[in-house]
Protein chains: 2
Amino acid sequence: MTASIPNHPPEPASERRRPTIHDVARDAGVSKTSVSRYYGRERDLLSDTMIERIEAAIERLGFAPDRIASSLRGRRTGLIGVVVADMRNPYTVDMLHGAEQACRKHGYSLLVCNTGNDDQLERQHLEILHGYSVEGLLINTRGRNAATLAARQDNGLPMVLVDRHIDGLACDMVGLDNDQAVGLSVSHLVDQGYQRLLMITEPVAGISSREARIQAFQHQAQAAGVLAEVHEGLEETLDAAWLAATLEQWLKTSEAPGAIVCANGVITLAVCHALFALLKSPFDQVGLLGIDELAWCALVGPGITTVAQPVGDIGYSAIEALVHRISHTASEPQSLLFPAHLTPRGSTTLNMT
Amino acid sequence: MTASIPNHPPEPASERRRPTIHDVARDAGVSKTSVSRYYGRERDLLSDTMIERIEAAIERLGFAPDRIASSLRGRRTGLIGVVVADMRNPYTVDMLHGAEQACRKHGYSLLVCNTGNDDQLERQHLEILHGYSVEGLLINTRGRNAATLAARQDNGLPMVLVDRHIDGLACDMVGLDNDQAVGLSVSHLVDQGYQRLLMITEPVAGISSREARIQAFQHQAQAAGVLAEVHEGLEETLDAAWLAATLEQWLKTSEAPGAIVCANGVITLAVCHALFALLKSPFDQVGLLGIDELAWCALVGPGITTVAQPVGDIGYSAIEALVHRISHTASEPQSLLFPAHLTPRGSTTLNMT
DNA sequence: ATTGATATTGGGACCGTTCCCAAACAGTAT
DNA sequence: ATACTGTTTGGGAACGGTCCCAATATCAAT
């Protein structure tokens, strides 16, 4: 009579109960506390014998700890919530990629929510993330839910903003040094001989990075003595007709050589489409510079000059900042601004004809 | 003496304990079971009075249920794990976007993991997702961890593959009808008068969608009576020098008009870069067609002809399939293949000069 | 042998829910 | 009244871990 003949049939694999810390303890002939310690930071309390026995049992049973159960009493979910306005925006994509890497490094996992620029959906997502007791929040949204966020923050939830501040929310922020980035742009264009500049942007709608870029643009253009205009789209996704009309109007305003500055990558795409619809060979007649580097910028026309943000680094640092806040006690909110880098291409080479 | 003077000081907001179902029950003067029922599907057991009182208490205390605690006993985490090979790939981005929408609709949240084409990292991520007791898995990876996945599947974890089958894993799959997509491509190119075709692809490495595209390409080119060559990169990210050499070689092989077929969007980008490095005005000398539509394809040269997959729908349907598996008992694995749509542009207009 | 100090180990309450089952409460038929 | 339905309600064990604290073991010093 040996244990090799179980008296109850093995359940079908598909419903086999997953082994618990309890099973491991029994199998190893130790207490569950010891098994728990094996995974936690009290591990060095355990004797070598104990470790061996536990390891063997874990191996035998194929045990893996249940993070859900663990976070209930243990208070650490290992979850970080990300709320982004548009997960298809190339900026967001690269930012998330950086964030994912940092998360992995620190042992966190990402719960990703897309709001599609819908404020109510954003609130809903914040509620869900609250439900999962995320340990921190990474936020890149329109910022219309400052009150909800402030409440969570007061409850002790660490959060870091990406790319933009939110009014009424004293909070860490990681983003671009917009003054420097616009400075690079404007001085490059002026150096190239352009005499009038047009910035196209999405609706500012209180979004700090958009504001900052416009402000910097106007100041620096004025300082450099060139004409500057800013046109702000009516909707978050720029209307093609509006854009075409705006560009056409601006183009025929003057004979002086001019260049367009696109306030971000999405705008660059839209403006390119509009220019090609409007003109046969647009870059012979107008300069173009985009903030945000995109994979295809070198391919269009003579190549589009861009000012690149280190987007991956921004996401990565945002998580680092968040993790720091999670494990350290409160301190003054800080902003971390990265410099941009200009890549000159043909779209800002003025043809002297 | 009233309750308005608490005898213990209120804790700082930042450490205030979050209210529990228990607090709500006490405040409403009902049992915690009733409060629990308020959220669960036994809700209709509750009388109207009860509902009112509970709602009022929830409101007063700002209670929100703790999903972690709830999933411990309740066995439903509401979490779906996604494992993707490359979260920056435009395909992945749009697929995830579709998946996110479907998840929201069904009340699930996404735990996103990026493997960066690293098999070991993939295993690690699978372990993490197992730890969180995700209810299902969405997988778009190289497929080297079939054994690990099969084990999870035997344990009863539902999973759905996206874009590619994995050998040794009997599993639902949602992807592209590659035969149809390649058919569109080849017949379009043949119709345009191209006499020889070159397909560029990443290393096949057992990835089913790549295999399928190559197979279909060779068969259909043969059937149409045009020469066809397939060149497969050496590394997952195509080496620029290798690509340049390959293209140059192919271009000078013959005078007959030829076209390049890029097996996916990432390849299209790489090939464009290579072509522009190689030739002044590439599309005068060679046709180009890309599988996968990209935002910029209309902008490059005369516009690049593409065969678009409905990527968002693919992600959306994958989640729907997964959710179906989660709530229904096992059935035969199914494949859901979407048709592609061709957008002709200038890159496949043969110049008769 | 006795004591004290230190290094390991174990027991059991607890985390915030869900779920099983029994209790309380109708209302209706005897 | 009594019994017998059916509808609501509540009590307490469970879920799988963590953590506090007490228990035991070890060993050197008295």
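All of these numbers come straight from a predicted model, not from anything done at the bench. Scope of the values below: all heavy atoms of this structure, side chains included, with no hydrogens, waters or symmetry mates. Convention: sequence-line order gives letters A, B, ...; per-chain numbering from 1.
Close to C:dT8, at under 4.0 Å from its OP1 or OP2, lies no side-chain N or O of A:R53.
Following rounding to the nearest Å, A:D66 (CG) and C:dC15 (P) show an atom-to-atom distance of 19 Å. Atom pair A:D23:CG and D:dC15:P shows a separation of 11 Å (rounding to whole Å applied). Taking atom CD1 on A:I21 and atom P on C:dT9, their separation rounds to 15 Å, with Å as the unit. The separation between A:R75 atom CZ and D:dG17 atom P is 17 Å, rounded to whole Å. Put simply, CZ on B:R43 is 13 Å from P on C:dT18, counting in whole angstrom units. Between A:F63 atom CZ and D:dG16 atom P there is a gap of 10 Å when expressed in whole angstrom units. Residue A:L72 contributes atom CG, which lies 9 Å from atom P of C:dT17 at whole-angstrom precision. Straight-line distance from the CD atom of B:E42 to the P atom of D:dT8: 13 Å, rounded to whole Å.
Nearest-nucleotide positions on DNA chain C place A:L45 closer to the 5' end than the other of B:S71 and A:L45. Taking for each of B:L46 and A:V35 the nucleotide of DNA chain D with the nearest heavy atom, the 5'-most of the two is the partner of B:L46. Toward the 5' end of DNA chain D, the nearer of the two residues A:R37 and A:P19, judged by each one's closest nucleotide, is A:P19.
B:S36 comes within contact range of at least one nucleobase, with a heavy-atom separation under 4.0 Å. Heavy atoms of A:I68 sit nowhere under 4.0 angstrom from any nucleic acid atom. When heavy atoms are screened at a 4.0 angstrom cut-off, B:R67 is found touching no nucleic acid atom at all.
A salt bridge links A:E135 to A:R76: one of the charged nitrogens lies within less than 4.0 Å of a carboxylate oxygen. With salt bridges taken as basic N to acidic carboxylate O contacts below 4.0 Å, one links A:K105 and A:E320. Between A:E100 and A:R104 there is a salt bridge, with a side-chain nitrogen of the basic residue lying less than 4.0 Å from a carboxylate oxygen of the acidic one. A salt bridge links A:R43 with A:E55; the closest basic N to acidic carboxylate O contact falls under 4.0 Å.
To the nearest 0.5 Å, atom CD1 of residue A:I21 and atom CZ of residue A:F63 are 5.5 Å apart. The OG1 atom of B:T141 sits 11.0 Å away from the CG atom of B:L121 when rounded to the nearest 0.5 Å.
For A:R73, counting side-chain heavy atoms from C-beta on, the closest listed nucleotide (C:dT17, C:dC14, C:dT9) is C:dC14. Minimum atom distance to the side chain of B:S47 is reached by D:dT8, of the listed C:dT9, D:dT8, D:dG17.
Listed by residue number, B:V30, B:S31, B:K32, B:T33, B:S34 are the residues of residues 26-34 of chain B with a heavy-atom contact under 4.0 Å to DNA chain D.
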Please evaluate residues A:D66 and B:S133 with respect to the criterion side chain to side chain contact (heavy atoms under 4.5 Å, CB included), reporting the C-alpha separation (whole Å), side-chain torsions for both, the decisive distance (0.1 Å), and the verdict. CA-CA 7 Å; A:D66 179 336; B:S133 298; 4.1 Å; yes
